[in-house]
Peer 1: 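Pasting a structure here, questions to come.
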Amino acid sequence: MGILSRTSYVIRSKINSVLNRAEDPTETLDYSYEQMRDQLQQVKRGIADLTTQKKRLEMQKRRLEENVEKHNDQARTAVQQDREDLARRALEKKKTKMNQIDDLERQISDLQNQQDSLIEQKNELQTRIEEFRTKKETMKARYEAAEASSTVSEAMTATGEEFEDVGRAIERAEEQTEDMEARAAALDELHESGAFEDVMSDKDNIDRELEELATDSGVEAELETLKSEMGEGESEPEPESDVESGADVDETELADLESGDQEDVEAELAELQDEENT
C-alpha cells in the first residue's frame with residue numbers, strides 16, 4: 001500500500017469516525033423516510049404524465065374514428081351520384097385514417113401497459129414506505145428508550161463527569177459539616193470545663209480551689225457577722241426607766257460583759273482560722 005493510498009484510507013476512516021459520532025439515528029431514519037416519500041411522489045407524477053399522454057391519444061383516436069365515419073358516408077354519397085372518383089378518394093382517406101387509428105391503438109396499448117407497470121411499482125413502493133415508516137417509528141422508540149435508560153443508568157451509577165463532580169462536592173460538604181460539628185462540640189466542652197478561663201489566666205487548679213475556699217469562708221464569716229449584728233440589735237432595747245435610773249446597773253458588770261463578748265468573738269475567729277488551716 002502506497003503512501004497516498006494509506007493517507008486516503010486514514011482520512012476516510014477519520015471522517016467515517018467523525019460522522020458516526022455526529023450521526024443521530026433518528027434523524028437518519030427521518031431523512032430516509034422523506035427520501036422514499038419523494039420517490040413515491042415522482043412515481044405518481046410519472047403516472048399522471050403517462051395517463052395524460054394516453055388520454056390525448058385516445059382523444060385523437062376518437063377524432064380519427066369520426067373522420068372514418070365521415071369518409072364512409074362521403075363514399076356512399078358519391079356512389080349514389082355515380083361519382084366513383086369521389087368515392088375512391090373518400091375511401092382512400094378512410095383507409096389512411098384507419099391506419100392512423102391502428103397506430104394510435106398500439107401506442108395507447110403501450111402506454112396502458114406502462115401505466116399499469118408504474119401503478120404496480122407505485123403500490124409496491126407505497127407498501128415498502130409504510131413498512132419502513134412502522135420500522136422507523138419502532139427504531140426511534142427503541143433508540144429513545146435506550147438513550148433514556150443509559151442516561152438514567154449514568155445518573156444512578158454516577159459514571160458521568162458531571163455526576164462525579166456532584167458526588168465529590170457532596171462528600172466535601174459532608175466532611176466540612178462534620179468538621180464544623182466536631183469543632184462546635186469541642187468548643188462547648190472546653191467552655192463547660194473552664195479551659196477558656198485557664199487560657200486567659202496564669203493560675204493553676206490549686207490556686208482556683210483556694211480562691212473558691214477563701215470566697216466561701218469570707219461569705220460564711222460575713223454571714224455570721226450579720227447574724228451577730230442582728231442578734232445584738234434585738235437585745236439592745238431596754239426599758240428607758242432602767243437605763244436612766246442606773247439603779248441596778250453596775251459598771252463592773254458591764255465591763256465583765258464586754259470582756260466576755262470579746263472573748264467569744266476571738267474564740268469564734270480562732271475556730272474559723274483553724275477550720276481554714278485544716
Peer 1: Do the non-hydrogen side-chain atoms of Leu118 and Lys122 ever get within less than 4.5 Å of each other?
Peer 2: no
Peer 1: Is there a donor-acceptor pair under 3.5 Å between the side chain of Asn123 and the backbone N or O of Ile119?
Peer 2: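 A pair under 3.5 Å: yes.
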Peer 1: Could you walk me through whether Asp116 and Gln112 satisfy the side-chain hydrogen bond (donor to acceptor under 3.5 Å, both in side chains) test, starting with their C-alpha distance in whole Å, then the side-chain angles of each, then the deciding distance to 0.1 Å, before giving a yes or no?
Peer 2: CA-CA 6 Å; Asp116 294 339; Gln112 184 63 48; 3.0 Å; yes
Peer 1: Could you give me the CA-CA distance, side-chain angles and deciding distance for Asp103 and Arg106, then say whether side-chain contact (heavy atoms from CB on, under 4.5 Å) is met?
Peer 2: CA-CA 5 Å; Asp103 186 48; Arg106 287 193 298 271; 3.3 Å; yes
Peer 1: Scan for side chain to side chain donor-acceptor pair (under 3.5 Å) pairs involving residues 124-137, sequence neighbours excluded, and state none if there are none.
Peer 2: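 Residue pairs passing side chain to side chain donor-acceptor pair (under 3.5 Å), neighbours aside: Asp30-Lys136.
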Peer 1: Mind checking the NZ-OG spacing from Lys54 to Ser109? Nearest 0.5 Å is all I need.
Peer 2: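 Atom-to-atom, Lys54:NZ and Ser109:OG are 10.0 Å apart.
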Peer 1: What's the spacing between Thr51 OG1 and Leu111 CG if we round to 0.5 Å?
Peer 2: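 Nearest 0.5 Å value for the OG1-CG distance: 9.0 Å.
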Peer 1: Passes side-chain contact (heavy atoms from CB on, under 4.5 Å), Gln74 versus His71? Steps please.
Peer 2: CA-CA 5 Å; Gln74 289 175 348; His71 295 317; 3.2 Å; yes
Peer 1: With side-chain contact (heavy atoms from CB on, under 4.5 Å) as the criterion, how do Thr96 and Glu92 come out once you've worked through the C-alpha distance, each side chain's angles and the decisive distance to 0.1 Å?
Peer 2: CA-CA 6 Å; Thr96 302; Glu92 289 176 354; 5.5 Å; no
Peer 1: Can you tell me how far the CD atom of Gln176 sits from the CD atom of Glu181, to the nearest 0.5 Å?
Peer 2: 12.0 Å
Peer 1: Does the Thr52 side chain pair with the main chain of Ala48, one donor and one acceptor, at a distance under 3.5 Å?
Peer 2: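 A pair under 3.5 Å: yes.
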Peer 1: As an exercise, state the distance from CD of Glu105 to CG of Asp110, rounded to the nearest 0.5 Å.
Peer 2: 12.0 Å
Peer 1: Walk me through it: do Leu29 and Met139 pass the test side-chain contact (heavy atoms from CB on, under 4.5 Å)?
Peer 2: CA-CA 9 Å; Leu29 291 174; Met139 290 300 299; 3.7 Å; yes
Peer 1: Honestly curious: do Leu40 and Phe132 fall in one hydrophobic cluster under the side-chain, below-4.5 Å linking rule?
Peer 2: yes
Peer 1: In plain terms, say whether Lys55 and Glu58 are close enough for a salt bridge, that is, a side-chain N and a carboxylate O under 4.0 Å apart.
Peer 2: yes
Peer 1: So which pairs with a foot in residues 75-85 pass salt bridge (charged side-chain N to carboxylate O under 4.0 Å, His left out), sequence neighbours left out?
Peer 2: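 Passing the test, one end in residues 75-85: Arg83-Asp85.
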Peer 1: So how far is it from Ile47 CD1 to Gln42 CD, rounded to the nearest 0.5 Å?
Peer 2: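 Ile47 CD1 to Gln42 CD: 12.5 Å, rounded to 0.5 Å.
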Peer 1: Are Asn67 and Lys93 packed together at the side-chain level, in the sense that at least one heavy-atom pair is separated by less than 4.5 angstrom?
Peer 2: no
Peer 1: Can you measure from NZ (Lys97) to CG (Leu64) and round to the nearest 0.5 angstrom?
Peer 2: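 So the NZ of Lys97 and the CG of Leu64 are separated by 7.0 Å.
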Peer 1: Answer with yes or no whether the hydrophobic clustering places Val79 together with Leu91; edges join I, L, V, M, F, W, Y residues whose side-chain heavy atoms lie under 4.5 Å apart.
Peer 2: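 They do not share one cluster, since no chain of ILVMFWY contacts under 4.5 Å joins Val79 to Leu91.
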Peer 1: Would you say the side chain of Asp49 lies within less than 4.5 Å of the side chain of Gln53, judging by non-hydrogen atoms?
Peer 2: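 No - every pair of side-chain heavy atoms lies 4.5 Å or more apart.
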Peer 1: Of all residues at least two apart in sequence or in a different chain, which pass the side chain to side chain contact (heavy atoms under 4.5 Å, CB included) check with Glu120?
Peer 2: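 Side chain to side chain contact (heavy atoms under 4.5 Å, CB included) check on Glu120 returns nothing, list empty.
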Peer 1: Please report the closest heavy-atom contact between Ala75 and Ala87, naming both atoms and the distance.
Peer 2: O-CB, 3.6 Å
Peer 1: Determine, step by step, whether Glu27 and Tyr31 satisfy the side-chain hydrogen bond (donor to acceptor under 3.5 Å, both in side chains) criterion, reporting the C-alpha distance in whole Å, the side-chain angles of both residues, the deciding distance to 0.1 Å, and the verdict.
Peer 2: CA-CA 6 Å; Glu27 294 179 354; Tyr31 179 76; over 6 Å; no
